[in-house]
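What follows is a short report on a single structure.
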Protein chains: 2
Amino acid sequence: MARAVPETHAEILAAAGRRFAVTGYKGTSLQDIAREVGVSKATVLYHFANKEALLTELMAPGLAALVELDERIAGLGGGQAQRIAAEGFVDLAVRFRRQIALLRGEFPTLLRQPAFAHVQQISERLIAAFAGRSTHLAARVAALVVLAGIAETCGEFGDLGDDELRDALLGLVRRALVPPD
Amino acid sequence: MARAVPETHAEILAAAGRRFAVTGYKGTSLQDIAREVGVSKATVLYHFANKEALLTELMAPGLAALVELDERIAGLGGGQAQRIAAEGFVDLAVRFRRQIALLRGEFPTLLRQPAFAHVQQISERLIAAFAGRSTHLAARVAALVVLAGIAETCGEFGDLGDDELRDALLGLVRRALVPPD
DNA sequence: GACTACTCTGACCGATCGGTCAGGTTCTGA
DNA sequence: TCAGAACCTGACCGATCGGTCAGAGTAGTC
C-alpha cells in the first residue's frame, strides 16, 4: 500500500539518524530503522541502496562544510591557520552537532570505510592547524584532545542555543590551544 | 591437542585487546580473536564465559583505579576537587591508555551495558569535579570536552613516554578548565 | 595400566545480519 | 480508461554472529 504523501524517504533518514545516535551505526539494524518508521525493511532498502548510503546521506551536509573549511585553511600560516580552524571548526561543530552526535564513538571505525577516506586526511590537516603548525608535543596534544573532545561531546548539548554553545567552546579553545611559536 | 604451556588464557586476552582496539568491541568477533591466537572459537569460550567477560577482564584494573579516584574526590570542595580530579584522571589516562584506547568510540554504547552501569555515574561525578562543582555553562562545557577528549585520544600516544604525556596533558587541563568561583 | 582433571576441538544451534526479488497496490498523466 | 511509474511488502537468501556440547588428546597420579 503506497502512502498518501510519500515522505517515507525523509522519515527513514530521520529515524536512521535517531537510531544511529542511540545505538551506533553497527549497533543499529535496518530492521530497527524500519520498525521505528513503521515500514518493512525492504522499504528502507527501496529508498536507500544499502545501509552505508543512509549514513553518507545523513553526513553529506556536514562533510561538505568540513571540506570547505579544509580548503579555507590550506596554505595559511601558523597563527592564522589556528584562528580560522578554531573558529571554523567550532562553528561547524555547533551547527552540525546533531549529525556529529550520531557518529559518536564510531569515528575511528567509520573513518576506515572507503567512503570516508578523505575525512581522515582532512582531520589530520585540521589537527595541524589547531596546533598552529607547531610540532611541539604540548601543541599537538592540546590540538588533538580539544578537537576530539569537541567532536565527541558537542552532541550532548542538544538543549543549548547555538550562540551560547559557540561562545563556550570558543572560550575553551582559545584557552586550551598553545599559541604558535 | 593441549598445549605444552597453557598460557592460552593470557594470549586470548591480549589478542582481544588488540582486536578491540582496531575494530571495536562490536566489530570484533570471537572468531577474529580465535584466529589471531591460532585456536578455535570454542577455546576462547572455554577460557572466558562469553564475549563480555573478555571486555570486563580487560578493563578491570583501569576500572578499579577509576573507582578509587572517585572515592578520593567524594566530599571535596570545588577547588580541591578540581585539582585532585584533574591530576588523578590525567595520571589514570596515561597509565591505562592502552586499555582506554580499545574502548575508543564505544564508550556511549558500552556504558549502557549493565556491567558498566556504575561507570556512568562515576564519570558524571568526575565531570562535576572537573567543572570545580560549578554549574556555569563555560565550566561544564570545558569539563566535558577536556575529559572526553583525553579519554578519546590518550590511546593515540602509545609511542610517548608516560612523563612526557602526563606533563602535556596536565598543562592542557590547567589552561582549559575554568577555575571555580 | 587405569583414572582423573585439564585443555582443546569440530560440528552444530538459533538468531540476526544486510541484501534480493517477484509481485501486489496506488498514483499519475496521456 | 489504461499503461506505466512509483511505492511497498513478505518471503527468502547466504553469511555471520555468540554460544553449546560431546568427545578426543594430553599430563600427572596412584
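Naming: A, B, ... by sequence-line order, numbering from 1 per chain.
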Within the side chain of A:Asp32, is there an N or O that forms a donor-acceptor pair under 3.5 Å with the backbone of A:Ser29?
-> yes
Is the closest basic N to carboxylate O distance between A:Arg95 and A:Asp162 below 4.0 Å?
-> no
Whole-Å distance between C:dT20 P and A:Phe48 CZ?
-> 15 Å
More 5' along DNA chain C: B:Tyr46 or A:Leu45, using each one's nearest nucleotide?
-> B:Tyr46
Rounded to the nearest Å, what distance is computed from the CZ atom of residue B:Arg35 to the P atom of nucleotide C:dT9?
-> 14 Å
Taking only the side-chain nitrogens and oxygens of A:His47, find out if one of them lies under 4.0 Å from OP1 or OP2 of D:dA6.
-> no
With sequence neighbours left out, the residues meeting salt bridge (Lys or Arg N to Asp or Glu O under 4.0 Å) with B:Arg98 are none
side-chain contact (heavy atoms from CB on, under 4.5 Å) between B:Leu126 and B:Leu66: does it pass, once the steps are laid out?
-> CA-CA 10 Å; B:Leu126 214 53; B:Leu66 187 65; 4.1 Å; yes
Quick one: is B:Thr8 getting a side-chain N or O under 4.0 Å of the C:dT7 phosphate, OP1 or OP2?
-> no
B:Leu30 versus B:Lys41, closest heavy-atom pair with distance = CB-CG, 3.7 Å
Between the side chains of B:His47 and B:Glu57, is a donor N or O closer than 3.5 angstrom to an acceptor N or O?
-> no
Whole-Å distance, A:Ile33 CD1 to C:dG18 P, equals 8 Å
Got a list of protein N/O to nucleotides 10-17 of chain C N/O distances below 3.5 Å?
{"residue": "C:dC17", "atom": "OP1", "partner": "A:Ser29", "partner atom": "OG", "Å": "3.4"}

